[in-house]
Asker: 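Got a structure here, written out as structure tokens. Questions coming.
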Amino acid sequence: MRTLEELRVEIDRIDQQMVQLFEERMQVVAEVMAVKKAAGLPILDASREEAVVAKNTARLSDPALAGYYERLIRQMMALSREYQAKLMEE
Ligand SMILES: O=C(O)C(=O)C[C@]1(C(=O)O)C=C[C@@H](O)C=C1
């Protein structure tokens, strides 16, 4: 069995990757906002969000994680909308 310290080192490594991916996603989201603003499109696209949830949930190898992942990706998109709304005001 791995020690708690070893496991936390691994979690830190994973969190480091996730923070980079989060930042990368939000940078793309900022570009999406600019495209939507120029085209007069609303920030929310509910059908796209359902497709994102379905597509990525299906990619999980452990179906027991589906509910947790769904909450994570939905929250990610809620933050994305919040960020877009803030940028649109600027
Ligand atoms: O794809 C878009 O239209 C986006 O604005 C990006 C995004 C996302 O973060 O994935 C955010 C808001 C929309 O409701 C749908 C998806």
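The model shown is predicted, which means the values in this text are computed figures rather than measured ones. Ligands are counted one by one from 1 in listed order, and the atoms in each one are counted from 1 as well.
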Asker: Given a heavy-atom cut-off of 4.0 Å, could you list the residues near ligand 1 in chain and number order?
Answerer: Arg25, Val32, Lys36, Ile43, Leu44, Asp45, Arg48, Glu49, Met77, Ser80, Arg81, Gln84
Asker: Rounded to the nearest 0.5 Å, how far does CD of Glu49 lie from CE of Met77?
Answerer: 4.5 Å
Asker: Do Lys36 side-chain atoms and Leu41 backbone N/O form a donor-acceptor pair below 3.5 Å?
Answerer: no
Asker: Please answer whether the main-chain N or O of Thr3 pairs with a side-chain N or O of Glu6 as donor and acceptor at a distance below 3.5 Å.
Answerer: yes
Asker: Assigning hydrophobic clusters by single linkage (Ile, Leu, Val, Met, Phe, Trp, Tyr; side-chain heavy-atom cutoff under 4.5 Å), is Ile73 placed with Leu65?
Answerer: yes
Asker: Backbone N or O of Met76 within a donor-acceptor pair of the Ser80 side chain at under 3.5 Å?
Answerer: no
Asker: Do you reckon Tyr83 sits in the same ILVMFWY cluster as Phe22, going by side-chain contacts under 4.5 Å, direct or chained?
Answerer: yes
